[in-house]
Amino acid sequence: GQQVKQSSPSLTVQEGGISILNCDYENDMFDYFAWYKKYPDNSPTLLISVRSNVDKREDGRLTVFLNKSGKHFSLHITASQPEDTAVYLCAAGDSGGSNYKLTFGKGTLLTVTP
Amino acid sequence: DAGVTQTPRHEVAEKGQTIILKCEPVSGHNDLFWYRQTKIQGLELLSYFRSKSLMEDGGAFKDRFKAEMLNSSFSTLKIQPTEPKDSAVYLCASSFWGGYAEQFFGPGTRLTVL
């Protein structure tokens, strides 16, 4: 089954609003959580990441919330702008055995309308 | 510094052919990943090397997909024999060793199998 799930394939938000992107996971051994951003015809780039020992991390307009008991993490983008329009991929990893591979979700297309 | 480079950028193959995709990671990076990207499945891990040692071979992709890393600055992904369902974008990524680090993705190779 899919270990990392993004249940919303798309999301539309008005400029200036808050975009909330969600990700659920199945493996409770995951200890690293990340969000990557992908523009059309470009490759993914890392936006923000957290380890499992924190519940929240902020970086400018971005905040990651981690709910370990619910096996859920989310990305909040405040003051959303049209240039935030992209596909957002969540990813998670289990560092047991020094294996640092990531499992990615299928992505959510965020569209920010002017 | 140069990023991850991948060649060729586009490849068209007939069913049953053997194709070899190439990747040069960021200089100094120890981890190298091969992914397949499709609209339906998203990003799927094919292989993962740490300091040239194979850490993951992608399970379901074992039979016709073989990745090699003969030196720290060059990796290949061979698909033999190709099938139309292999049509996808193949991404290579690299990162520093030492825990979870940002994965830097190459531009990808778009493979079309007729």
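Quick caveat, the model's predicted, so the values are computed rather than measured. In what follows, every heavy atom counts, from backbone to side chain, and hydrogens, waters and symmetry copies are set aside. Below, read A as the first sequence line, B as the second, and so on, with proteins coming before strands; counting in each chain starts at 1.
Only the side chain of A/L89 comes within contact range of chain B, with at least one heavy atom under 4.5 Å from a heavy atom of that chain. With a 4.5 angstrom heavy-atom cutoff, B/L43 touches chain A via backbone and side-chain atoms both.
Under the 4.5 Å side-chain heavy-atom criterion for Ile, Leu, Val, Met, Phe, Trp and Tyr, A/V87 and A/V13 are members of distinct hydrophobic clusters. Using a 4.5 Å cut-off between side-chain heavy atoms of Ile, Leu, Val, Met, Phe, Trp and Tyr, with links allowed through other members, A/V50 and A/L21 fall into the same hydrophobic cluster. Taking hydrophobic clusters as Ile, Leu, Val, Met, Phe, Trp and Tyr residues chained together by side-chain heavy-atom distances below 4.5 Å, A/F65 does not share a cluster with A/F33. One hydrophobic cluster, built from ILVMFWY side chains closer than 4.5 Å, cannot hold both A/F104 and A/L11; they sit in different ones. Both B/L54 and B/I79 are members of a single hydrophobic cluster when ILVMFWY side chains are connected at heavy-atom separations under 4.5 Å.
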Using only distance, no hydrogens or angles, which N or O donor-acceptor pairs sit under 3.5 Å between chain A and chain B?
residue	atom	partner	partner atom	Å
A/Y36	OH	B/Q103	N	3.0
A/S43	OG	B/G106	O	2.4
A/D94	N	B/Y100	OH	2.8
A/D94	O	B/Y100	OH	3.4
A/S95	N	B/Y100	OH	3.4
A/S98	O	B/R50	NH1	3.3
A/N99	ND2	B/E56	OE2	3.0
A/Y100	N	B/Y48	OH	3.1
A/K101	NZ	B/E56	OE1	3.3
A/K101	NZ	B/E56	OE2	3.4
A/K106	NZ	B/I40	O	3.1

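Residues of residues 66-76 of chain A lying under 4.5 angstrom from chain B, judged on non-hydrogen atoms, do not exist.
The residue among A/P44, A/G107, A/G105 with the most heavy atom pairs within less than 4.5 Å of chain B is A/P44.
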